[in-house]
Peer 1: 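I am attaching a structure below and will ask some questions about it afterwards.
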Amino acid sequence: MYYSIMSWIIKFSGRLLITFHKTCADDVVAVINAYVPCAYQSDDPTKYSQKIDFITGLKDVIMKLIHEKIVIILAGDLNVKSKIIDSAEAFENRLNYDFMTSWDSAPDRQLFNFILDNCLTDCFRFLYQNKPNSYTCWNTGLNARVNNYGSRIDYILLSKSHDSLITSSEILSNTMGSDHCPIVAEINFDEFQECKNIPAECTFFYPELKGKQSTLPVMVNCNKRKSKYLVPYERSSDQDENSSKKQKVLGKKNTNKFQTKLKFSTKLKGDLPEQTIVQELANGKDAKNFVFDDNRPFPDHGLVSVKSLLVGLPKPPLCSGHKTRTVLKTVVKDGTNNGRRFYCCSFPIGPSSSKTSRCNFFKWFDE
């Protein structure tokens, strides 16, 4: 009954998995794992429209399950900030009329808040209604986690009829490894009945996935990623011989001036042989000791000419807020400035009132 709805939602680039469980009290519990597409109306209207369609379909699934008196647990990255307190940017701009007008009128937020108001309970806010600075995601490109300048877009939701079973909820913000952090909720259900038969829809029965799945302990162990299904790699005798040679010289100081040979396609300026000198310089020969066939010394301007081919980036300017060197970045967003480089403050993004936050310095590289 629900799979036809699931297949309709999945085509909008989101992900949805529903499993049904039964408690010893004969309550049916639907556990929904969901990923809502990440899209913003100002960036990509088409993708944002797909996000709205996904949330609308998810709402319909929830309403149908509630109508059949099925208890719901919804968990996942839902990519919606419900309230101002769930976004560092929104909290900082809470007195900005234009910002708040756009915030309140966002269709994805209105749909999500409808679900929270009428169908499901946010486990974290059920216990901590006004707890600030509680975020689950940070922009790693702006190093936002340093100043805890993030947003709460990961949720564990429970049917309102059973919210009294929520006993604890935590955000494990100190757990690193991703731009998101784990969240945990404890819900005091009765013991669940054991499933005796594997459902036919499980990937265990998919021929293309048979024998390719890792065991659960392997999935959660970061130090041991090998699957028991992987075939051990066999080294050849030649590889073992080369490896032993490398181990013999391991730890010795490399006395070569150049680790990589340089190849020049440009002729040097001045009265110099065309290819011979360039190749000798590329091999690390000292220019001062180099002589021509007729014993003339190597001219000084020749060395300058070679160095001129290896000129790096100019010295970055200082930012206006901290008087420290800026960093060079590249525009990746589609538009007229795509690929263009610019300088900005090297500090992590954060509240504008903090001295450890990035200042507003900006300068195009080519200006």
Peer 1: Could you measure the distance from the SG atom of C119 to the NZ atom of K160? Nearest 0.5 Å is fine.
Peer 2: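 Here the interatomic distance stands at 8.5 Å.
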
Peer 1: If you look at every heavy atom in K329 and G141, which pair is closest and at what distance?
Peer 2: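 Reported closest heavy-atom pair: NZ-O, 3.1 Å.
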
Peer 1: Name all residues meeting the side chain to side chain contact (heavy atoms under 4.5 Å, CB included) criterion together with E367; count only those two or more places apart in sequence or in a different chain, and write none if there are none.
Peer 2: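 Residues passing side chain to side chain contact (heavy atoms under 4.5 Å, CB included) with E367: R340, W364.
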
Peer 1: Kindly determine whether W138 and N148 satisfy side chain to side chain donor-acceptor pair (under 3.5 Å), including the steps that lead there.
Peer 2: CA-CA 7 Å; W138 301 264; N148 193 25; 3.0 Å; yes

Peer 1: Side chains of H21 and T19 only: does a donor on one sit below 3.5 Å from an acceptor on the other?
Peer 2: yes

Peer 1: Give a yes/no verdict on a cation-pi contact between R15 and Y35, requiring under 6.0 Å between NZ or CZ and the six-membered ring centre and an angle within 45° of the axis.
Peer 2: yes

Peer 1: Assess the residue pair D77 and V36 against the criterion (side chain to side chain contact (heavy atoms under 4.5 Å, CB included)); give the C-alpha distance rounded to whole Å, side-chain angles, the decisive distance to 0.1 Å, and a yes or no.
Peer 2: CA-CA 6 Å; D77 176 4; V36 175; over 6 Å; no

Peer 1: Once side chain to side chain donor-acceptor pair (under 3.5 Å) is applied, do any residues pair with T136, and if so which ones, sequence neighbours excluded?
Peer 2: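 T136: side chain to side chain donor-acceptor pair (under 3.5 Å) contacts with D154.
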
Peer 1: Start with the C-alpha gap between R358 and L142, add the side-chain angles, then the distance that decides, and say whether side chain to side chain contact (heavy atoms under 4.5 Å, CB included) holds.
Peer 2: CA-CA 9 Å; R358 176 174 299 186; L142 300 176; 3.3 Å; yes

Peer 1: Tell me whether I72 shares a hydrophobic cluster with F54, the cluster being built from Ile, Leu, Val, Met, Phe, Trp, Tyr side chains joined at under 4.5 Å.
Peer 2: yes

Peer 1: Check the surroundings of atom CG in N360: do more than 12 heavy atoms from other residues, nucleotides or ligands lie under 6.0 Å from it?
Peer 2: no

Peer 1: I'd like to check the side chain to side chain donor-acceptor pair (under 3.5 Å) partners of S357; sequence neighbours left out, ordered by chain and number.
Peer 2: none

Peer 1: State, to 0.1 Å, how close A106 and Y48 come at their nearest heavy-atom pair, and which atoms those are.
Peer 2: C-OH, 4.1 Å

Peer 1: Which heavy atom of P317 sits nearest a heavy atom of K363, and at what distance?
Peer 2: CG-CD, 4.4 Å

Peer 1: Are any of the side-chain heavy atoms of I153 and H180 separated by less than 4.5 Å?
Peer 2: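 Yes. Closest side-chain heavy atoms under 4.5 Å.
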
Peer 1: Would you call R145 and P348 a side-chain contact if the rule is heavy atoms closer than 4.5 Å?
Peer 2: no

Peer 1: Within the 4.5 Å heavy-atom criterion, are D27 and I70 side-chain neighbours or not?
Peer 2: no

Peer 1: Suppose we screen for side chain to side chain donor-acceptor pair (under 3.5 Å). Which residues come up paired with E92, at least two apart in sequence or across chains?
Peer 2: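 Result, side chain to side chain donor-acceptor pair (under 3.5 Å) vs E92: Y149, S352.
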
Peer 1: Would you say V80 and I55 make side-chain contact, with heavy atoms under 4.5 Å?
Peer 2: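 Sidechains of I55 and V80: in contact.
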
Peer 1: How far apart are the C-alpha atoms of I115 and I62, what are their side-chain angles, what is the distance that settles it, and do they pass the side chain to side chain contact (heavy atoms under 4.5 Å, CB included) test?
Peer 2: CA-CA 8 Å; I115 295 174; I62 293 171; 4.0 Å; yes

Peer 1: Do the non-hydrogen side-chain atoms of F362 and Y343 ever get within less than 4.5 Å of each other?
Peer 2: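 With C-beta onward as the side chain, the pair stays apart.
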
Peer 1: Listed by chain and number, what are the side chain to side chain donor-acceptor pair (under 3.5 Å) partners of S159, not counting sequence neighbours?
Peer 2: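 Checked S159 against side chain to side chain donor-acceptor pair (under 3.5 Å); zero matches.
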
Peer 1: Are L116 and M63 linked, directly or through intermediate hydrophobic residues, by side-chain heavy-atom contacts shorter than 4.5 Å (ILVMFWY only)?
Peer 2: no

Peer 1: Can you tell me which residue pairs pass the ring-ring contact (aromatic ring centres under 6.0 Å, His included) test with a partner in residues 61-119, sequence neighbours excluded?
Peer 2: F112-Y155

Peer 1: Is it true that atom CE of M100 has more than 12 heavy atoms of other residues, nucleotides or ligands lying nearer than 6.0 Å?
Peer 2: yes

Peer 1: Is it true that a side-chain atom of N93 and a backbone atom of N96 form a donor plus acceptor pair closer than 3.5 Å?
Peer 2: no

Peer 1: Can you pull out every side chain to side chain donor-acceptor pair (under 3.5 Å) where at least one residue sits in residues 317-326? Sequence neighbours excluded, please.
Peer 2: none

Peer 1: Just wondering, do K59 and L111 contact through their side chains at under 4.5 Å, heavy atoms?
Peer 2: yes

Peer 1: Show, in sequence, the C-alpha distance, side-chain angles and deciding distance for L74 and L120, and conclude whether the side chain to side chain contact (heavy atoms under 4.5 Å, CB included) test is met.
Peer 2: CA-CA 8 Å; L74 171 60; L120 305 178; 3.9 Å; yes

Peer 1: Look at the side chain of T121 and the backbone N and O of C123, then say whether any donor-acceptor pair between them is shorter than 3.5 Å.
Peer 2: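 No.
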
Peer 1: Salt bridge (Lys or Arg N to Asp or Glu O under 4.0 Å): which pairs involve residues 94-117, sequence neighbours left out?
Peer 2: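 Residue pairs with at least one partner in residues 94-117: K51-D108.
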
Peer 1: Shared ILVMFWY cluster between I32 and V28, side chains joined below 4.5 angstrom?
Peer 2: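 Yes: a chain of side-chain contacts under 4.5 Å links I32 to V28.
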
Peer 1: Could you list the cluster mates of V332? Members are the ILVMFWY residues connected by side-chain heavy atoms closer than 4.5 Å, either directly or through other members.
Peer 2: none

Peer 1: Report yes or no: do I66 and L58 belong to one cluster of Ile/Leu/Val/Met/Phe/Trp/Tyr joined by side chain heavy-atom distances under 4.5 Å?
Peer 2: yes

Peer 1: Without swapping roles, check the side chain of S49 against the backbone of P45 for a donor-acceptor pair under 3.5 Å.
Peer 2: no

Peer 1: My understanding is that only residues two or more places apart in sequence, or in another chain, count here; which of them pass salt bridge (charged side-chain N to carboxylate O under 4.0 Å, His left out) with E191?
Peer 2: none

Peer 1: Has the side chain of R125 got a donor or acceptor atom that lies under 3.5 Å from a matching backbone atom of K131?
Peer 2: yes

Peer 1: First locate atom CG of D86, then atom OG of S134, and finally report the distance between them rounded to the nearest 0.5 Å.
Peer 2: 8.5 Å

Peer 1: Grab the two heavy atoms, one from A25 and one from D190, that are nearest each other, plus how far apart they are.
Peer 2: CB-OD2, 3.5 Å

Peer 1: Where is the tightest heavy-atom contact between K81 and S151, given as atom of each residue plus distance?
Peer 2: CD-CB, 3.5 Å

Peer 1: Could you go through the side chain to side chain donor-acceptor pair (under 3.5 Å) check for N113 and S82 one step at a time?
Peer 2: CA-CA 6 Å; N113 285 335; S82 173; 2.7 Å; yes

Peer 1: What I want to check is whether the side chains of T140 and D179 have a donor and an acceptor closer together than 3.5 Å.
Peer 2: no

Peer 1: Inspect the contact between K83 and D122 and indicate whether a charged nitrogen and a carboxylate oxygen are less than 4.0 angstrom apart.
Peer 2: no

Peer 1: Any idea which heavy atoms bring T330 and F342 closest together, and the distance?
Peer 2: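 Answer, listing the atom of T330 first, then F342: C-CE2, 4.0 Å.
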
Peer 1: Mind checking who shares a hydrophobic cluster with F126, ILVMFWY linked at side-chain heavy-atom distances under 4.5 Å?
Peer 2: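 Answer for F126: V29, V31, V71, I73, F124, L127, Y128, I156, L158, L165, I166, I171, I183, I187, F189, F192.
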
Peer 1: To which residues is L172 joined in a hydrophobic cluster, defined by side-chain heavy-atom contacts under 4.5 Å among Ile, Leu, Val, Met, Phe, Trp and Tyr, whether direct or through other members?
Peer 2: V184

